[in-house]
Amino acid sequence: MTNRLKILNLWVDPVNMVESLFYIIHTVEKGHKPHSIFAVNPEKNFSVPKDPLLYEIFKTSDLLIPDGIGIVLAAWVLYGLRLCRVPGVELMKNICRLSAQKKYKLFIYGGEEGVNKMAVEVLQKRHPGIVIAGRANGYVDDAKMDDLIDKINAAHTEILFLALGSPKQEKWFAQHKDRLETVRICQGIGGTLDTIAGKVKRAPKMWQACYTEWLYRLISEPKRIKRQKVLPLFALMLISAKLQSIGSFQRR
Ligand code: UDP
């Protein structure tokens, strides 16, 4: 991706939903290897750089989508750019809609067994014609990983959804991508299957429209405070980076 933006310690690609979908169509139809799509949010700005392997995985990822409002605001503060949000959950939904039309073969890997099975059923109902060529829950033993990869390849999977949570899904991709023969797009979707299967409720539309989905999630799952407590620090770092850039501009 060109024009990748550095947001404090991480990067993001300034793409909107339509551009992301065109990228996916182009990659599925013309690509020769698996391309990764991962979501970027303020929490990852702190967790990713702590792990050199993960940092490298993000740095070399093919598409880093501006998943949350925090990253959109950061791009505006740092670069004056108005990015559009590309929430991973919405991108997955649109990929499913697109794939039902184009007959792309999908594989859904991750989540608990019941959640994975239910999510596949829901997607088949929501998107008539969708080709879900295979599925597997996210608790496959390492000893059985070769079998899973054989299954993904035998299904001629073109788009693989990885629902293992972050950073497990990103590391899985890095470790196994070279053995994925037919996969062209691999999107890390975290806990999205839990919402599709109805195990976790997504924020009502009103909350989404007010960009407070993160707050709704925090209220419904208070244990997420551990991850979200870094948000005020992210805001402070952003202000400090902006002040430094103004200072160095004035000194010139
Ligand atoms: N999960 C999995 N295998 C694992 C660990 C987690 O499939 O070994 C699944 C888990 O069932 C849940 C998802 O990964 O559906 C993690 O959801 P979370 O909301 O924590 O992920 P995030 O979107 O925050 O990355």
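Side chains included, hydrogens not; waters and symmetry mates left out as well; all remaining heavy atoms used. Throughout, numbering of the chain's residues begins at 1 and tracks the sequence. Numbering of ligands and ligand atoms starts at 1, following listing order. Just so it is clear, the structure is predicted and the values come from calculations on it, not from any experiment.
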| Pairing residues for Lys102 by the salt bridge (charged side-chain N to carboxylate O under 4.0 Å, His left out) criterion, not counting sequence neighbours | Glu29
| Which protein residues have a heavy atom closer than 4.0 Å to any atom of ligand 1, listed by chain and number? | Gly110, Gly111, Glu112, Gly138, Tyr139, Ala163, Leu164, Gly165, Ser166, Lys168, Gly190, Gly191, Asp194, Arg217, Arg224, Arg227
| task | May I ask you to decide if the ring planes of Trp11 and Tyr55 are parallel, tilted or perpendicular, using 30° and 60° as cut-offs? | result | tilted
| query | Which pairs count as side-chain hydrogen bond (donor to acceptor under 3.5 Å, both in side chains) when at least one residue sits in residues 173-194, sequence neighbours excluded? | reply | Asp146-Arg179
| task | Show the numbers, then the answer: is there a side-chain contact (heavy atoms from CB on, under 4.5 Å) between Leu160 and Phe173? | result | CA-CA 10 Å; Leu160 172 64; Phe173 177 79; over 6 Å; no
| side-chain hydrogen bond (donor to acceptor under 3.5 Å, both in side chains): pairs with one or both residues in residues 45-54, sequence neighbours excluded | Asp51-Lys171
| query | Do the rings of Tyr216 and Trp207 sit parallel, tilted or perpendicular, given the 30° and 60° boundaries? | reply | perpendicular
